Amino acid sequence: MKLIEVPAVDFDLAITLNSGQVFHWEKVGTGFCGAIGDRAVYVEQCGNVLRAKMEVGALRRRGQQREEMPRPTTTATTPELVHHYFALDHPLAEICASFPRDPIMNAARDFCQGLRIIRQPRWECLATFICSSMKQVAHIRQISRALRQRFGEKKEVCGQEVFSFPPADRLAETTENELRKCGLGYRAENLLTTAKRVALRKVTLDSWNALSDAELREQLCDLPGVGAKVANCVMLFGYERIKAFPIDIWIERVLREKYFPRNRKVTSAGLAEFAANYFGAHGGYAQQYLFHHARMTGKRRRQGRIRRCRARRALGMTQGAGCFILPL
DNA sequence: CTCCAGGGATGAT
DNA sequence: ATCATCCATGGA
């Protein structure tokens with residue numbers, strides 16, 4: 001066990017890990033336990049310093065004998081690994097200064113000081129976000145944990161069990177039914193198919209890093225279970241494409257209610273185009289700030305939408321005829 | 001266009 | 001405690 005300290009200015013560990021970009025870190029004491037790639041890590045923040053402990057023990061495949069492999073020697077030294085994962089090299093002050101100046105963005109920027117977009121391993125990021133579709137954060141965390149416990153490698157740090165995320169070839173050799181046991185539902189087939197493509201080298205995630213944003217998005221959307229939103233998440237969190245602007249329900253609400261309050265007819269495509277132009281070169285960062293701020297302070301949509309729709313149908317109303325019933 | 005798949009957390013009642 | 005709603009992909 002190795003204890004290290006890493007300088008970390010302009011950084012808030014808790015906000016970063018709880019902002020819906022990564023789903024496997026667990027609060028333990030004053031810090032968090034998780035994994036950076038295959039390394040089990042405990043990390044806590046003391047002012048402008050991160051204190052991290054990392055397990056350097058032998059690998060062991062859970063529930064399955066596997067020939068003893070030599071410990072993979074990481075090229076990065078441990079402080080560099082932490083520094084790189086948490087993107088402590090991103091010029092956060094510059095990035096935040098590039099956000100548009102408007103009341104919504106200002107509030108989000110103030111609320112999320114120290115939030116960074118971290119660098120996630122590509123496969124782990126892609127697989128996790130395939131599992132995220134039509135799921136809420138709490139669910140995604142459960143799925144991530146189930147996949148890791150069932151198919152990942154068990155590690156330990158600070159007396160805590162930590163499981164690494166299973167590589168594609170490990171998931172490729174399982175079955176849809178096994179994946180469904182992890183709570184994936186219909187996403188199991190998507191994840192399995194994608195894992196097989198990666199395992200068989202039909203898809204080479206690392207080589208995709210050379211592609212342009214548009215080409216990368218196109219390739220990602222070609223994978224089953226990957227639509228525009230998931231593709232943008234993977235671009236942002238796995239490929240450091242800082243301009244990628246994922247639009248989920250929270251962001252869509254913010255855009256509609258705060259930026260288009262008098263225009264309920266603006267389309268989703270219209271919102272996406274607006275966001276790409278308005279939030280600038282670091283749009284992905286702006287999106288993460290808006291997302292976290294909205295989730296922490298905003299409220300979910302009030303109930304009754306379905307009931308109203310049913311009521312409208314029952315009244316024999318057609319599309320749009322019932323607009324006057326809609327809230328606001 | 002609509003509906004559905006799966007399912008634990010969440011909020012309203 | 002019960003119950004409807006949430007979530008944002010892909011296929012019918």
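Given the structure is predicted, the values throughout are model-derived calculations rather than measurements. Only this structure's heavy atoms are used, side chains among them; waters, hydrogens and symmetry mates stay out. Protein chains get the first letters and strands the later ones, always in sequence-line order, with residue 1 at the start of each.
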* To do: Using whole Å, report how far CZ of R141(A) lies from C1' of dG7(B).
  => 18 Å
* To do: Quote, to the nearest angstrom, the P distance that separates dT2(C) from dG6(B).
  => 24 Å
* To do: For Q142(A), report the nucleic acid contact type (base, sugar-phosphate, nothing); a contact means any heavy atom under 4.0 Å.
  => sugar-phosphate
* Asked: Can a salt bridge be assigned to the pair R51(A) and E44(A) using a cut-off of 4.0 Å between side-chain N and carboxylate O?
  -> yes
* Asked: How long is the line joining CG of L126(A) and P of dT9(C), in whole Å?
  -> 13 Å
* Euclidean distance, atom CZ of residue F291(A) to atom P of dC7(C) [Å, nearest integer] -> 10 Å
* Asked: If you measure only the distance, is there a donor-acceptor pair under 3.5 Å linking the side chains of T174(A) and R170(A)?
  -> no
* Over how many whole Å does the gap from I130(A) atom CD1 to dA8(C) atom C1' extend? -> 14 Å
* Asked: Nearest of dA8(C), dC7(C), dA9(B) to any side-chain atom of R253(A)?
  -> dC7(C)
* Would the F279(A) and Y259(A) ring centres measure less than 6.0 Å apart? -> yes
* Asked: dA9(B) and dT9(C): how far apart are their P atoms, nearest whole angstrom?
  -> 23 Å
* Please work out if K135(A) contacts a base, only the sugar-phosphate, or nothing of the nucleic acid, heavy-atom cut-off 4.0 Å. => base
* To do: Between C221(A) and I249(A), just flag the one whose closest nucleotide in DNA chain C comes earlier from the 5' side.
  => I249(A)
* **Pairing nucleotide - dA12(C), Watson-Crick or G-U, each distance under 3.5 Å** => dT2(B)
* Give the rounded distance in Å between these two atoms: CZ of R295(A) and P of dA9(B). => 14 Å
* To do: Would you indicate what V226(A) reaches in the nucleic acid, counting non-hydrogen atoms under 4.0 angstrom: base, sugar-phosphate, or nothing?
  => sugar-phosphate
* Asked: Roughly how far apart, to the nearest Å, are dG8(B) and dG10(C) at atom P?
  -> 23 Å
* To do: Check every strand shown and say whether L223(A) touches a base, only sugar-phosphate, or nothing at a heavy-atom separation below 4.0 Å.
  => sugar-phosphate
* Under 4.0 Å between a Lys/Arg side-chain N and an Asp/Glu carboxylate O for E26(A) and R145(A)? -> yes
* Asked: How many Å lie between CZ on R145(A) and C1' on dA9(B), as a whole number?
  -> 14 Å
* **NZ/NE/NH1/NH2 to OD/OE distance under 4.0 Å, K229(A) and D248(A)** => no
* Asked: When the nearest nucleotide of DNA chain B is assigned to M134(A) and to A138(A) on a heavy-atom basis, which residue is associated with the more 5' position?
  -> M134(A)
* To the nearest angstrom, how far is I140(A) atom CD1 from dC7(C) atom C1'? -> 8 Å
* Y186(A) OH to dG11(C) C1': how many Å, rounded? -> 11 Å
* Asked: For R180(A), which contact category applies under a 4.0 Å heavy-atom criterion: base, sugar-phosphate, or nothing?
  -> sugar-phosphate
